[in-house]
There are 2 protein chains.
Amino acid sequence: MANIKDIAELAQVSIATVSRALSTPGAVRPPTLQKIEAAIAQLNYRPNMLAVGLRRRRSDNVIVAVPSIFNPFTSAFVQGIENVAREAGIRVLLGITDSDQALLDSYVGMIASKQADGMILLDKILPTAVLQTPPENPAPPIVLACEYPPGLSLPRVRIDNVEAAAMLVNHLVRQGHTRIAVITGPIDQNMSRDRLSGFLLGLKRAGLASDKAPIVHGDFTLQSGYDAVRQLLAAKAGFTGLCCANDEMALGAMAALREAGIAIPDGVSVVGFDNLRFGAFASPPLTTMEVPTVETGEAAMRLMLDMLRDPLDANREIILPYRLVVRQSSGPAPTAVKPGKAKKPRGQTS
Amino acid sequence: MANIKDIAELAQVSIATVSRALSTPGAVRPPTLQKIEAAIAQLNYRPNMLAVGLRRRRSDNVIVAVPSIFNPFTSAFVQGIENVAREAGIRVLLGITDSDQALLDSYVGMIASKQADGMILLDKILPTAVLQTPPENPAPPIVLACEYPPGLSLPRVRIDNVEAAAMLVNHLVRQGHTRIAVITGPIDQNMSRDRLSGFLLGLKRAGLASDKAPIVHGDFTLQSGYDAVRQLLAAKAGFTGLCCANDEMALGAMAALREAGIAIPDGVSVVGFDNLRFGAFASPPLTTMEVPTVETGEAAMRLMLDMLRDPLDANREIILPYRLVVRQSSGPAPTAVKPGKAKKPRGQTS
DNA sequence: TTGTAGGCGTTATCAA
DNA sequence: TTGATAACGCCTACAA
């Protein structure tokens, strides 16, 4: 593979000039530039970015640490990051952590070993390096997109999960629902806790006893939504509204309700969170809270670019908007509160 | 940030010894090793992988090029790649191409610029560098996981989409279906074409006129499945079985059927492809063809490791198994074809 | 077993 | 505007 020296020889100039032609073409006389460009084309030369990075002391890589990629939210988030990374000439390294501390720390280590310039973190756990906060050396460039402990002052991007969740409850309350059950996400996640707080806040605001609301803990999977409803029904929790901490669980929950012969929304109104595309085509289409997934990734990457540019300045927080999407899975509360049976899920109008 | 020289000074040895301690600890006397390790710990030293790569002439990065990450199949595929990459000490770079030739070529360029050692490609397009096949310099290390033009001899991993699709048709045929419609994926993709061929092959094997089967082209999205069914119904294509080239379209198709008041499977049996997890919780649960998504990624990465180890040897093809998953969206063909409202079992499109 | 020294391919600092 | 040349941090013959 040709290197800068080969180009210099072929073009009859010094390697310094070739380097300049590459980085500051304006500083090279046009005829010289042309010779160099010809040589580059002829030898099909590509600068060795390892060497460039070694000299420039940066890699132009940003590592994105996510707990799992089996997740539409993650996909969208990564897509957003890619969008702005690409036009900034930054490569995105994907690190899957399984929420394993050692694994996450090893990815953070890639910053120290110059394989990446910074990290965007979408995980419930935090790197040891950040938690310990060694006072002398500054924390590595990290942007948070999920966990946000109060003590730390890292740049972060998020939505107001609390208010968004409260708005979902409010939507049900305004339809006359008073018995509202909740399926939470994994409660070791900050986001899940926030959404739960929001659901409870919504109940409280409506004057409903939030401490008596039936609450089941799920883990964001379809199966856990399904199981949660079975559990609620077995406990005879008599509810007409069901708030799920994400759409995937809501879809699982709807499957369980159908199986139990409970009509949606005539028997139970179901609302989800995230506006997954599958929700729109469910039976019936799912009412949900739309959160800006791609935009979250874009904002996170912009924050990272800021931070890389000026590590001190970028201590910011970005809060993105949310939006209620009403579809047919939610409707007026039945007058008599009893999960009736044998009604086939019917109808939808796009 | 500390470098190897700092360690050498602190440990009172030469940098060569430190380097050895890192790469071949056995070649260093234990007491010396201890001093070095102590120094490394004290200075919190991490080797600069850019410099290591420059010397060793490799990056230990593999780039994975995918058209989009908004796709459960892609997610699983990448997960599989990560699985085996991690234990091989290889980092995975994710490149999203949007199926854009220039973008893909720019990712391939990362191999020439030493940012990555090879590429795993899950896309319908191929790099210019591969297509042109410059006779002198060998093609860059690329593993194919989707497109597989006969002319090329790159390592590849895939499933037998043709036979798998035929098996789906056979499943319907054995239930007595004779009027079977097909929704294809984007036909510019090899995989879509294969699945279509397989559907047609299945019809032919059953003695059904495959050239008269109603066929609508979709693009693998929920919406396109929905639209396709509307189109079929509008054309009065009178079918009792519906083969979709992926689950996502099948779910969209089911939504459209429900909307039209057609029962599933009593009016129309629907089968999909991929065994998406959402299919199991659909209404009714979707019959589908399970393909080994994670395993495909794992196999692709193993092929890549082989290729990196010995570029000449690794000209192989791996074909992975598939499995029919029967759920409630498919059932016996109705004896009299009159699903719900407003539909006659006559006429056809193609 | 350890040390010396010459690259790996670039960039950047000086002079010229 | 161009050219020498010294880093960047590490690895690896080759010597000792």
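Labels below follow one simple rule: chain letters A, B, ... track the order of the sequence lines, proteins then strands, and each chain is numbered from 1.
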Report yes if at least one side-chain N or O of T17(A) is closer than 4.0 Å to OP1 or OP2 of dT2(D); otherwise report no. no
If I take atom CD1 in residue I7(B) and atom P in nucleotide dT2(C), what distance separates them, rounded to the nearest angstrom? 17 Å
What residues 26-42 of chain A contributes to the DNA chain D interface at heavy-atom separation below 4.0 Å is V28(A), R29(A), T32(A)
Within the side chain of R46(A), is there an N or O that forms a donor-acceptor pair under 3.5 Å with the backbone of N44(A)? no
I need the CZ-P distance between R20(A) and dG3(D), as an integer number of Å. 8 Å
Between T296(B) and T293(B), a side-chain donor and acceptor under 3.5 Å: no
Looking for any heavy atom pair under 4.0 Å, which part of the strands does V13(B) touch: base, sugar-phosphate only, or nothing? sugar-phosphate
Just how far, in rounded Å, is P of dG9(C) from NZ of K114(A)? 22 Å
Side-chain donor or acceptor of S59(B) paired with backbone N/O of Q115(B) under 3.5 Å: yes
Checking side-chain polar atoms at under 3.5 Å, does S99(A) have a donor or acceptor matched by the opposite partner on D123(A)? yes
What integer distance in Å separates I15(A):CD1 from dG9(C):C1'? 8 Å
Strictly below 4.0 Å, heavy-atom distances to any atom of DNA chain C: list the hits from residues 46-60 of chain B, or just say none. L54(B), R55(B), R57(B)
Taking atom types as modelled and ignoring hydrogens, do the side chains of S68(A) and D98(A) form a donor-acceptor contact shorter than 3.5 angstrom? no
Please report the closest heavy-atom contact between R316(A) and L303(A), naming both atoms and the distance. NH2-CD1, 3.4 Å
Residue whose closest nucleotide on DNA chain D lies nearer the 5' end, N3(B) versus A16(A): A16(A)
Rounded to the nearest angstrom, tell me the gap between atom CG in L43(B) and atom C1' in dG9(D). 15 Å
Taking all non-hydrogen atoms of both residues into account, name the closest pair between L10(B) and L43(B) and its distance. CD2-CD1, 3.4 Å
Phosphate OP1/OP2 of dT11(C) contacted by S19(A) side-chain N/O (<4.0 Å): yes
What nucleic acid atoms does L22(B) come within less than 4.0 Å of, heavy atoms only: base, sugar-phosphate, or nothing? nothing
Between L126(A) and L104(A), which heavy-atom pair has the shortest distance, and what is it? C-CD2, 3.7 Å
Quick one: closest heavy-atom pair of E317(B) and R158(B), and the distance? OE2-NE, 2.7 Å
Measure from CD1 on I4(A) to P on dA4(D) and round the result to the nearest Å. 14 Å
In this structure, how many angstroms lie between the C1' atom of dC10(D) and the NZ atom of K5(B), rounded? 12 Å
